[in-house]
Number of protein chains: 2
Amino acid sequence: MIINNKIDPEFRYKKMLTKIRESGGRITSHRLALIRLLAASEGHPNATQLYEALRRQFPTISLATIYKTLALLKDEGEVLEIDLHNDSHYDGNKPYSHPHLICTHCNRIFDGDIISGIQNLNQEIEEKCNFQVSRHQLVFYGLCEECQQKVS
Amino acid sequence: MIINNKIDPEFRYKKMLTKIRESGGRITSHRLALIRLLAASEGHPNATQLYEALRRQFPTISLATIYKTLALLKDEGEVLEIDLHNDSHYDGNKPYSHPHLICTHCNRIFDGDIISGIQNLNQEIEEKCNFQVSRHQLVFYGLCEECQQKVS
DNA sequence: TTTATTATTGATAATCATTATCTACAACTA
DNA sequence: TAGTTGTAGATAATGATTATCAATAATAAA
């Protein structure tokens, strides 16, 4: 199921379609294409980036359509929303809380779910703060490997 | 300097005024009052909350003034911006990266800087991902101590 | 103290992301 | 195959934030 730190997009694709059908939603050509993109969520796109990518194939598609389907999939727990500075990005490949690394030079968003010790953090918070953690959003800003050389 | 998990607001107040003066900024009555609030940053307010609080004392103060001074203090590194879902909150008391706990029931924002093991995370990221961390924003969502009882 | 310089002010327009509204259309079901 | 109803696109509305600009006031210089 997991290929190279990424869940098999085909699996995610089918899973999302099933979830939409089960909740009484309908499958349209636009949704198929959007869910295809979200299944991989290459680069953790935001709504506008998804819109631009889909517009090539579907020139009449509307931004509202993107937002509506994203809201639907968020409610179903099939898409993770990443809240950045006045800008929401989406991950339909791994729709559960996990860390992200954002390069402040090239602005790319990387997955950081190789990092262990998150579970320890949750536990420490419950113990020290008496706070019951249900989800988290962990974002680390800095320089990715490529940009470290470009900048120096 | 540190009182009860909080930096002495008086210290922060003076520090921010000094920074503004040093950068060629001017001290006005509105700024004095805003900086007084930011020095404590009780509850991690957003711009609108600061505006509402200041309006009692200064009925003619403008939201734009709040935003402009916040931008100035951010640039000087004297205020930390916390990017939440389409909503920025501010911490002028501890203007450096530290974890926050947000209760999904009462929406309060708590400081989580008692948590150790953050430094370990940074190091693990540098080693495993070859990513050079410069700052972070760590937010944990869940139920605070009080709300755990209310909800159950 | 007075004056000159110029940063700051409030009002408001502009922008940007996101959400809501509404009618025509099309996906699914019986 | 037709009826039901969720979805589409267009666009208005919203909410947070930023930009603009002339009047004002804080500071520095005389």
Side-chain angles (χ1 to χ4, degrees), chain A residues 16-36 38 44-76 78-90 107 109, chain B residues 16-36 38 44-76 78-90 107 109:
Chain A
M16 285 193 265
L17 290 184
T18 302
K19 268 294 186 68
I20 284 185
R21 285 201 191 93
E22 283 177 356
S23 69
R26 291 174 184 177
I27 307 299
T28 68
S29 59
H30 291 181
R31 280 195 172 168
L32 276 177
L34 173 56
I35 290 172
R36 177 66 76 190
L38 287 172
H44 304 76
N46 61 19
T48 304
Q49 290 167 338
L50 291 164
Y51 175 61
E52 293 301 339
L54 290 169
R55 246 189 347 162
R56 294 184 214 129
Q57 197 179 348
F58 303 94
T60 70
I61 197 171
S62 163
L63 241 184
T65 299
I66 314 279
Y67 276 111
K68 278 179 279 196
T69 300
L70 281 172
L72 180 63
L73 290 167
K74 261 193 297 175
D75 286 346
E76 296 291 327
E78 292 299 318
V79 159
L80 176 76
E81 182 167 10
I82 309 162
D83 293 317
L84 304 182
H85 184 66
N86 301 329
D87 188 26
S88 287
H89 288 249
Y90 300 90
N107 292 314
I109 303 174
Chain B
M16 286 193 265
L17 289 184
T18 302
K19 269 292 187 70
I20 284 185
R21 284 201 190 93
E22 283 176 357
S23 70
R26 293 174 182 178
I27 307 298
T28 69
S29 59
H30 292 182
R31 281 196 170 166
L32 275 177
L34 172 57
I35 290 173
R36 178 65 76 190
L38 287 172
H44 303 78
N46 61 19
T48 303
Q49 291 167 337
L50 291 164
Y51 175 60
E52 294 301 338
L54 289 171
R55 226 151 50 122
R56 294 185 217 129
Q57 197 179 350
F58 303 93
T60 70
I61 196 171
S62 164
L63 243 184
T65 299
I66 313 279
Y67 277 110
K68 278 178 280 198
T69 300
L70 281 173
L72 181 63
L73 289 167
K74 263 194 295 176
D75 287 346
E76 295 291 327
E78 292 300 318
V79 159
L80 176 75
E81 183 168 11
I82 309 163
D83 292 317
L84 304 182
H85 185 66
N86 302 327
D87 188 28
S88 287
H89 288 249
Y90 300 90
N107 292 314
I109 304 174

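First the proteins, then the strands, lettered A, B, ... as listed; each starts at 1. A quick note: this is a predicted structure, and the numbers were derived from the prediction, not measured.
- A straight line from OH of B:Y51 to P of D:dA16 spans 13 Å, rounded to a whole angstrom.
- Nucleotide C:dA27 holds its P atom 14 Å from the CD1 atom of A:I20, rounded to whole Å.
- Put simply, A:Y67 has a side-chain N or O that comes within less than 4.0 Å of OP1 or OP2 on C:dT18.
- Applying a 4.0 Å cut-off to non-hydrogen atoms, the residues of residues 83-90 of chain A that approach DNA chain D are A:N86, listed by residue number.
- Applying the side chain to side chain contact (heavy atoms under 4.5 Å, CB included) test between B:M16 and each of B:I35, B:T69, B:L34 identifies B:I35 as the sole match.
- Rounded to whole Å, atom C1' of D:dG6 lies 4 Å from atom CZ of A:R26.
- Protein atom CD of A:E22 is 17 Å distant from nucleotide atom P of D:dG6, rounded to whole Å.
- If B:S29 and B:E81 are placed on DNA chain D by their nearest nucleotide, the residue sitting closer to the 5' end is B:E81.
- Taking both residues in full, the closest heavy atoms of B:Q57 and B:P59 are given as O-CD, 3.5 Å, listed atom of the first, atom of the second, then distance.
- Between A:L32 atom CG and C:dA26 atom C1' the separation is 14 Å, expressed in whole Å.
- Applying the side chain to side chain contact (heavy atoms under 4.5 Å, CB included) criterion to A:T28, with sequence neighbours excluded, gives A:H30, A:R31.
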Counting only pairs under 3.5 Å, give me each side-chain donor-acceptor contact of residues 79-87 of chain B, with atom names and distances, residues two or more places apart or in other chains.
| unit_1 | atom_1 | unit_2 | atom_2 | d |
| --- | --- | --- | --- | --- |
| B:E81 | OE1 | B:K74 | NZ | 2.7 |
| B:E81 | OE2 | B:S88 | OG | 2.8 |
| B:D83 | OD1 | A:H85 | ND1 | 2.9 |
| B:D83 | OD1 | B:S88 | OG | 3.2 |
| B:H85 | ND1 | A:D83 | OD1 | 2.9 |
| B:D87 | OD1 | B:N46 | ND2 | 3.2 |
| B:D87 | OD2 | B:H89 | NE2 | 2.7 |

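- Rounded to whole Å, the distance from CG on A:N46 to P on C:dC16 is 14 Å.
- Bending across the helix from C:dT1-D:dA30 to C:dA30-D:dT1, expressed as the angle between its end axes from five pairs apiece, amounts to 30° (10° rounding).
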Note to self: I need a per-nucleotide contact map over nucleotides 9-14 of chain C, read 5' to 3'. Cutoff is protein heavy atoms under 4.0 Å; write B for the base, S for backbone only, - otherwise.
What the structure shows: BBBB--
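- Taken to the nearest 0.5 Å, the CG atom of B:L70 stands 10.0 Å off from the CG atom of B:L63.
- In terms of position on DNA chain C, the residue among B:G24 and A:A71 whose nearest nucleotide sits closer to the 5' end is B:G24.
- Listed by chain and residue number, A:R12, A:K15, A:K19 satisfy the salt bridge (Lys or Arg N to Asp or Glu O under 4.0 Å) test with A:E78 (two or more places apart in sequence, or in another chain).
- For the residue pair A:F58 and A:A33, the shortest heavy atom distance occurs at CE1-CB, 3.4 Å.
- The heavy-atom pair separating B:A47 from B:I66 by the smallest distance is O-CG2, 4.1 Å.
- For B:L73 and C:dT8, the CG to C1' distance is 14 Å, given to the nearest whole Å.
- The separation between B:I27 atom CD1 and D:dA28 atom C1' is 15 Å, rounded to whole Å.
- The structure places OG of B:S23 at 5.0 Å from CG of B:L72, a figure rounded to the nearest 0.5 Å.
- Looking at residues two or more places apart in sequence or on another chain, you find no salt bridge (Lys or Arg N to Asp or Glu O under 4.0 Å) involving A:R21.
- Listed by first and then second residue, the salt bridge (Lys or Arg N to Asp or Glu O under 4.0 Å) pairs that reach into residues 54-68 of chain A are A:E52-A:R55, sequence neighbours excluded.
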